[in-house]
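Quick notes on the structure that follows.
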Amino acid sequence: PIDMNTTVLTWGYWPPTDNIACRLPLDMDRAMQAFRTYYLSRFKNKRLEFCVALGTVDLRMVHTNNKRYEVNVPSVCAHPLLMFEGEGVILTPQDISQQLGMEMSETMKAIAALIRNAATHSPLLKQQNSSGAVAAPNAAGGGHVLQPSSQLVFNKEFKSRHAKIKVAAVAISKDREGAVKELREKVDEDRKYKVDAAIVRVMKSRRTLGHQELVQEVQKVTKDKFVPTLEEVKRRIEHLIEREFIERNVDSRSTYNYLA
């Protein structure tokens, strides 16, 4: 049995990210499908997409030294790590990529996180050479540069200062950082149009409205997608005043009139 905690966010709250295609452990997949069935039964017109790249998994591990550990890993690292359950398992990144349906680049990032040395614990996986000897770890966590054909084994000499361990994901590349920044800018731009449309819609129906009332009405209109901040609404009001969709009331600067 597993426990699953899910956070549901709209695209307006969380910009779209590059999701990672991979097969998850059977228990995790069943839990996700059960949640999908439950969620879509309550919200008929919604579309639900799991962002595996943003999740983490807690695994309970009993090591060969009979010590128990709780290991927190990125979701994409969970299944590769579980594949080494059992005695004498030897796999390559290419094997893992094919069995899990993951792109090789994403598989290499997941493996890199698992073979990396940390300040508080040794790597969970190790590379070994063709003769079966385990490579001595270097600063990156492996004795050799990780290749698709590298042989990987579970680290029987694993040690940790703590019972709870957190395996950090490999930092994203500069190219991907640029792509994420571009996506955020697109989302911000899309939000501007939605706030503008909400302001015009409210003012068209009310004709004259105070600042605080206008902000509250705009937030009500947009709440199904996102809730703009006071500053965001204020900036868009100023923008629409410049474009002469609305104007400040002559008798009260905090009141706005709709311009037909």
Interatomic distance, [X] atom [atom1] to [Y] atom [atom2] [nearest 0.5 angstrom]:
X: L230; Y: Q219; atom1: CG; atom2: CD; value: 6.0 Å
X: F35; Y: N5; atom1: CZ; atom2: CG; value: 10.5 Å
X: L259; Y: R207; atom1: CG; atom2: CZ; value: 9.0 Å
X: R30; Y: D27; atom1: CZ; atom2: CG; value: 6.0 Å
X: S254; Y: L209; atom1: OG; atom2: CG; value: 10.5 Å
X: F50; Y: D29; atom1: CZ; atom2: CG; value: 9.0 Å

Compare every heavy atom of [Y] with every heavy atom of [X], then report the nearest pair and how far apart it is.
X: D190; Y: K194; value: OD2-NZ, 2.6 Å
X: A31; Y: M4; value: O-CE, 3.5 Å
X: P228; Y: V195; value: CB-CG2, 4.0 Å

Can you tell whether the side chains of E238 and R235 come within less than 4.0 Å, N to carboxylate O? no
Atom [atom1] of [X]: over 12 foreign heavy atoms under 6.0 Å:
X: R201; atom1: CZ; answer: no
X: E103; atom1: CD; answer: no
X: Y38; atom1: OH; answer: no

side-chain contact (heavy atoms from CB on, under 4.5 Å) between I241 and Y256, worked out: CA-CA 9 Å; I241 289 174; Y256 307 105; 4.0 Å; yes
Would you call the rings of Y69 and F158 parallel, tilted or perpendicular, where under 30° means parallel and over 60° means perpendicular? perpendicular
Under 3.5 Å, which donor-acceptor pairs link side chains of residues 75-85 to any protein atom two or more places apart or in another chain?
unit_1: S75; atom_1: OG; unit_2: G55; atom_2: O; d: 3.1
unit_1: S75; atom_1: OG; unit_2: T56; atom_2: N; d: 3.3
unit_1: H79; atom_1: ND1; unit_2: R23; atom_2: O; d: 2.8

May I have all residue pairs that pass salt bridge (Lys or Arg N to Asp or Glu O under 4.0 Å) and include part of residues 57-72, sequence neighbours excluded? none
I need the single residue from I90, I115, T92 that forms a side-chain contact (heavy atoms from CB on, under 4.5 Å) with L152. Which is it? I115
